[in-house]
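Report on one structure; see the data block that follows.
The sequence lines fix the lettering, A, B, ..., with proteins before strands; numbering per chain opens at 1.
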Amino acid sequence: MTRQPRWLIGMVGMAALLVLPPFLRSYGLYLLSYWLVFVIATMGLNLTVGYAGQASLGHAAFLGIGAYSVAIVMKAGCSFWLGLPLSAVLCFVVGLGLGFPALRVQSIYLAFATLGFSVAALLVMRYEEWLTGGTSGINDVGRPSLFGLDLGGNLAYYYFVLAVAVVVAALLRGVLRSPWGKAFTALRDNPIRAESLGIDVRAYTLLSFAIGASCAGIAGALLASLVQFVDPTPFGLGVSFTMYLMVVVGGSGTFFGPALGAVVGVLLPEWLRFAQGWYLTAFGVAVIVLMLWLPGGLLSLPDRLKARAIAASRPRT
Amino acid sequence: MADFLQLFISGLATGSIYALAGLGFTLLWQTSGTINFAQGEFVMLPTFALLAFSAIGVPLPAAFALTCVLAVVVLGWGFKRGIADPLLRFGSMPVVVATLGLSIALRNGVRAGYSAEAHPFPSLFGDDVFRIGRVAVTSVDVGTLAAALVLVLATQAFLARTVTGRAMQAVAQDTTSAVVLGIDVPRMIFYTFAINAILACAAALLIAPTYLAKFDMGESLGTKAFFAAVIGGFNNSRGALLGGLVVGVCENLAAAYVSASYKDAVALAIFIVVILVRPQGLVGQRVERKV
Amino acid sequence: MTAPVLEVTGLVKSYGAIRAVDDVSFAVMPGEIFGVIGPNGSGKTTMFNSVLGQIKPSAGRIELDGRDITHLSPLQLSRRGVGRTFQSLQVFGRMTVRDNLIVAAQEHRGTMLGRMFAATDNGLGPKADALIDQFHLREVAHRRAGELSYGQQKLVDIAMAFMSDPDLVLLDEPCAGVNPVLVDDIARLLRDLNRVRRRSFVIIEHNVDFVQKLCHRIMVMVEGRAMAIGTPAEIRANKHVLDAYLGN
């Protein structure tokens, strides 16, 4: 029953995302595009963490792999349209690889294994200058055009990112509604029982990492062309943490959770700029308060309100 | 060869600090299931408390004592009551995120409220250099190693020999049985938070002279402390010590002989090998998978 | 004489010096309901988990339809038509009852890649609904399994084991913690499910009355060993069994 209002809010939000941007200034447009990029990336992470129940604190690495793939491919003179699928495929393969530790260890060990992967990827980006340009990065990453339609402008590129976000969301929705979605949930809730029912726990664990990673790869590719410059900074450990934070704060294992979580992770710090030097402190405190208030994430609020309404309507004995 | 020994000894000194932070981290995880991503900041904060006390003229021993008291109250009791207690029953995710938030808040709070610069910190052990043959050893390295070793062994003796320490270990192994045995579980858990806070203060005192007091000094420390603990063996308090020393030494040697750029990946590489080959750690006991 | 569905020969599982399962042999015939009883700690569940690939047996041989399955994983056994339930409740609490049933069999149909494009119930809706009706779960079919009463969850748990039409089902204490009325229901359901095809069950149960009524043959385990195997009447008359249960 809570489904209908949720979808309605989604539709209204979608309409706002279509209609409002032409009235935004370029920084607002940039932020909104940036937010969408992180929505795409965290939708993937949500599949790994929220639906399949795997710990992953290394997701920024895939964002980086995606961004560098596009930048390097375009520097070599090839098209963005080659770079984008390449990013997704490359991250899928690397994500499969990262899934292997998950077959051996779980929970805190896995969290730190993925975190370590994030550190390692950052070191490669920083020090393999022949490939990545080192700390000075890769400049002048272009933006694509589609069927003669130039996506170079900020507004055009925003709509392009929005379109990709919608397509990725639809694909993920499809996967989650297929038997795979139930298999991921079974894997999260009770892997031993799942295996006894013929669910290939190994395969689904690896797949959850690979699919999550390829979403981040796509997001990274879009990010490279959005910022038109790639360097290691946006792919550090802090960003991996923030992405995990976005999934949990939004409501892990809920479809719209990442969209809300990315608001907290990307837009909230901007809104807190009035606190000047203290804005990140304010952000950290806000996250703690939010967790204490809603440990199940923002999307657990409707359930909470409903439970309270039921409790209130019950006559006291 | 002389270079090698020098690197080895300074690696031991750094590693012993990882061991201190790692020991507190594992104690928290074992007794209460708290994963503390602000562990590095738990070392950074006492460093600045020490600096602040020194700035108003408190002598170092008194400043350290005051800092420990403050840390037990804020990083021990306050952290437990404010974050761990309300969130742990919702699983590990909310605690992880809240401690991530805490880490961001603390790091940037110190930066905005105190200073973004690195501050020199007085060394406890002077800055003498001993020569043994052709090997130069600094008093800082020797002092740090000795102090950290004493602290880790003392903690371990406390856990193994005293009634309270054994009760804490019982809680760590099986909370339900501990309750049945009449152990005051919440109090034992508080003790681990307090011990973690004190170990962090000690680590602060030892690490700051070498690495300087800076708002982001905790960034890689927390991670390495964890890697050290797993490499040694997560369910064994001696493991954190061994793991810390292994990581410290390997890092130093790798930085000198392999590649300085990838120094931070050394702990990771050992960690990956350990969890793939020997998940229970170098000296840990194997736990069979529960059905 | 038909060949047995499941044949266990000389099964041993030891932990250090302790032999939790000590040289146990038995055979289960097609269509047979085979009961396993014994005091707590007599090794029943360990024997189950060794047969089902959950833990590695130390010695012995296990055959399914004459083929060696000793070292197969739980996954492979499931794919070969062996279903099971666990001693404790093992439903997926956050899924609906119907989804619990569907997920219990979905991996037995189609290919991995094909399932990504398959309908959400993978064609198992009718099958799930039939079991829902048979287990009287219609009213709660769309509620989350975790919200149901213990007895209802137990029914879901048992129904899940039958979704993939297994030839052999191993049930670990299907009546544990269940009220007497429901115990009779479960006995009736299992008897019905047994009649449909020549499907075989192995049932661990503490409720001796339940086992006596339902099972064709019973094995009594004491301290890791098979003390006696026989029909309910034979077991009732066996003096050693009585001693093991009532004596000392």
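- For Leu77(C), no part sits under 4.5 Å from any heavy atom of chain A, backbone or side chain.
- Interface remark: of the candidates Ile102(C), Asn122(C), Asn100(C), Asn122(C) forms the most heavy-atom pairs closer than 4.5 Å to chain A.
- Between chain A and the options His108(C), Arg109(C), Met163(C), Met95(C), the largest number of non-hydrogen pairs under 4.5 Å is found for Met95(C).
- Met160(C) touches chain A through backbone and side chain together, each having a heavy atom under 4.5 Å away.
- The most heavy-atom pairs under 4.5 Å with chain C, out of Gly174(A), Pro179(A), Ser196(A), come from Pro179(A).
- For Ala104(C), the parts lying near chain A are the backbone and the side chain together; criterion is any non-hydrogen pair under 4.5 Å.
- The main-chain N or O of Gly198(A) is found under 3.5 Å from a side-chain atom of Arg79(C) such that the two form a donor-acceptor pair.
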Fill in: Derivation of the salt bridge (Lys or Arg N to Asp or Glu O under 4.0 Å) call for Asp167(C) and Arg80(C)
CA-CA 9 Å; Asp167(C) 297 322; Arg80(C) 291 191 186 201; over 6 Å; no

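- At distances below 3.5 Å, at least one donor-acceptor pair connects side-chain atoms of Ser58(C) with backbone N or O atoms of Ser14(C).
- For Arg144(C), the CZ atom is loosely surrounded, since the number of other residues' heavy atoms within 6.0 Å does not exceed 12.
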Worksheet item: Where do Phe201(C) and Phe162(C) land on the ring-ring contact (aromatic ring centres under 6.0 Å, His included) test, with the steps shown first?
Response: CA-CA 11 Å; Phe201(C) 298 161; Phe162(C) 290 95; 5.4 Å; yes

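- For Leu176(A), no part lies near chain C; criterion is any non-hydrogen pair under 4.5 Å.
- Enclosure of atom CZ in Arg202(A) is not indicated, since only 12 or fewer non-hydrogen atoms of other residues, nucleotides or ligands lie within 6.0 angstrom.
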